[in-house]
Amino acid sequence: MDNKISKEIYKEAKEYIPGGVNSPVRAFKSVGLDPIFIKEAKGSKIYDEDGNEYLDYICSWGPLILGHSNEYMLDGLEETIKKGTSYGIPTKIEVDMAKLIVDAYNSVDMIRMVNSGTEATMSALRVAKAYTKRNKIVKFEGCYHGHSDSLLVKSGSGAMTYGVATSPGVSEKIIEDTIVCKYNDIESIEEVFTKQGDEIAAVIVEPVAGNMGVVAGEKSFLKALRKLTKKHRSILIFDEVITGFRLAYGGAQEVYDIDADMTCFGKIIGGGMPVGAYGGKKEIMDMVSPVGDVYQAGTLSGNPLAMHMGYKTLNKLKGNKNIYKDIISKAKKLEKGFNDNINKLNLDITVNRINGMICLFFAKGPIKTYEDVIKSDTYKYGLYFKEMLKRNILLPPAQFEGLFLSSAHTDEDIEKTIKANYEALKTIYNK
Ligand SMILES: *Cc1c(COP(=O)(O)O)cnc(C)c1O
């Protein structure tokens, strides 16, 4: 595979952009390769500047549940652009969009649009702190909620640890109020609530963790969070930036039948445009300016192009629930194919899947916690990534990410992937 042009662009990119990329995972560092630069994409296929075609399992990290440059999605976009790209004054499509999300989620009475998932979680926490008049927040090891300071906290071992900043530049003061608990571990969260439940403003969680590979929250764990937060009058925030409109139309809250107090969205609700949103009960959302005193604003929030693409995506998903059935059946097919290969080759590799979210860990299962996840052989994953890339399949360039499927992925794509998976594993394990 020739990547001459990508390599040239990368060389120049590194002179002008830190690491040559605008988001770290794109640098392909954890798989030991130089990144490929993308020229265009269509359906389930993506093409680099060198003209190589890949079957894409990144799908922009989630937003493109209908695949790349979907005809239905593009239809009408040009007319929308011609009417102007931003006004900074209200538009009707913002209301239509808000109604769609509120209709889909039992627990969401009102919603505020922002520009990224990071902004959504950051703002939701501010509101939760103001509402409860408390300062502490709880997050879980291995859960990612964007890169705002108070959430950039590393996990530690032990039942519970006070955060150590994951990044220089995040002051100890800021993360003093962030408590880190173990994912899928009821005891660790019960301990924290017993000790300081009346200081905790909010518990934020990915109901299905999608940023340490794919690790589904156990129902008993999520139910325990619901019960504890209710008892101690803390706000339960579900970060559904990935799971929202992906696990099901009503997201994780539909699948688990649990209502959060606040919910964060992003990715799919922007249909490939920069978007985030946070919402919840009216009483809580009434805290937000200009109704309440909690300040939160955005020059481009509710941008008409983003709203157009998000609205189209949600409308399509709403009217075609078969899209979910179809994506789930493809994920199941991948799961079975991968497991057959792993068994045939007798390897310690674990496939985690919930609905349409799937991931392959280079570690022995079961994988339910962050501790389980980090046992994965990331070097082997790098080798696997390269072998799959050679076979024109583009996986997430890091072990701790899930595969993203779209309605554009065909049965043929899935079969090709299963076959490549067998060959790749056989090669790297010399079987
Ligand atoms: C992607 C993601 C975010 C951050 O969203 P950005 O738009 O990248 O800021 C937050 N939470 C979860 C669960 C995510 O997957």
Side-chain angles (χ1 to χ4, degrees), residues 21-27 57-65 105 111-126 128 137-153 155 166-167 178 180 183 202-217 222 225 236-247 251-253 255-256 260 262-279 296 298 300-303 306-307 309-310 313 352 354-359 370 373 396-398 400-405:
V21 292
N22 282 314
S23 198
V25 71
R26 295 181 201 168
Y57 284 102
I58 299 175
C59 287
S60 190
W61 300 101
L64 304 177
I65 193 165
Y105 275 73
I111 186 116
R112 172 60 69 81
M113 288 291 161
V114 290
N115 302 292
S116 68
T118 296
E119 256 187 89
T121 57
M122 179 185 80
S123 311
L125 285 173
R126 184 182 304 146
I137 57 165
V138 174
K139 79 174 285 285
F140 296 91
E141 280 184 328
C143 284
Y144 176 70
H145 306 291
H147 61 91
S148 71
D149 283 357
S150 65
L151 290 165
L152 263 192
V153 177
S155 45
T166 306
S167 165
T178 305
V180 181
Y183 195 71
V203 172
I204 185 166
V205 66
E206 284 183 82
V208 171
N211 289 284
M212 52 168 160
V214 173
V215 180
L222 296 174
L225 297 188
L236 179 62
I237 305 174
F238 270 16
D239 180 350
E240 295 226 40
V241 171
I242 287 182
T243 54
F245 301 95
R246 174 165 291 276
L247 269 194
Q253 295 179 50
V255 172
Y256 287 90
M262 296 186 81
T263 307
C264 299
F265 299 95
K267 299 195 169 115
I268 284 179
I269 67 157
M273 293 282 188
V275 160
Y278 66 100
Q296 184 273 306
L300 291 170
S301 293
N303 172 269
M307 292 301 97
M309 293 300 264
T313 304
N352 271 14
I354 173 166
N355 284 15
M357 289 173 69
I358 182 166
C359 157
Y370 180 69
V373 164
F400 304 124
E401 306 282 357
L403 271 63
F404 286 104
L405 286 157

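First listed ligand is number 1; within each ligand, the first listed atom is number 1.
Every atom of ligand 1 with a heavy atom of Tyr144 under 4.0 Å away is listed here by number and element: 11 (N), 12 (C), 13 (C). Close approach to Ile242 involves these atoms of ligand 1, each under 4.0 Å from a residue heavy atom: 15 (O). Near Gly117, with a cut-off below 4.0 Å to any heavy atom, the atoms of ligand 1 are 4 (C), 5 (O), 6 (P), 7 (O), 9 (O). Within ligand 1, the atoms closer than 4.0 Å to a non-hydrogen atom of Glu206 are 13 (C), numbered from 1 in the order shown. Applying the 4.0 Å criterion to heavy atoms of Ser116 picks out, from ligand 1, the atoms 7 (O), 9 (O).
Contacts of Lys267 with ligand 1, taken as heavy-atom pairs under 4.0 Å, involve the side chain alone. The proximity of His145 to ligand 1, defined as any non-hydrogen pair under 4.0 Å, is limited to the backbone. Of the heavy atoms in Asn211, only side-chain atoms (C-beta onward) come closer than 4.0 Å to ligand 1.
Counting heavy atoms from C-beta outward, Asn303 and Met273 have side chains that stay 4.5 Å or more apart. Side-chain contact between Val180 and Phe140: absent, with no pair of heavy atoms (C-beta onward) separated by less than 4.5 Å. The shortest side-chain heavy-atom distance between Glu401 and Asn211 falls under the 4.5 Å cut-off. For the pair Phe404/Ile242, a side-chain contact is recorded, criterion being any heavy-atom separation below 4.5 Å from C-beta on.
Between Tyr370 and Phe400, the ring centre distance reaches or exceeds 6.0 Å.
The nearest protein atom to atom 11 (N) of ligand 1, hydrogens excluded, is given as Asp239 OD2, 2.7 Å; this is a heavy-atom distance. Among all non-hydrogen protein atoms, the one lying nearest atom 9 (O) of ligand 1 is Thr118 OG1, 2.6 Å.
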**Item:** Worked verdict on Phe238 versus Tyr256 for ring-ring contact (aromatic ring centres under 6.0 Å, His included)
**Value:** CA-CA 12 Å; Phe238 270 16; Tyr256 287 90; 7.7 Å; no
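Protein non-hydrogen atoms do reach within 4.0 Å of atom 6 (P) of ligand 1.
In this model, a donor atom of one side chain and an acceptor atom of the other lie less than 3.5 Å apart for Gln296 and Arg112.
Using cut-offs of 30° and 60° on the angle between ring planes, the pair Phe265 and Phe245 is tilted.
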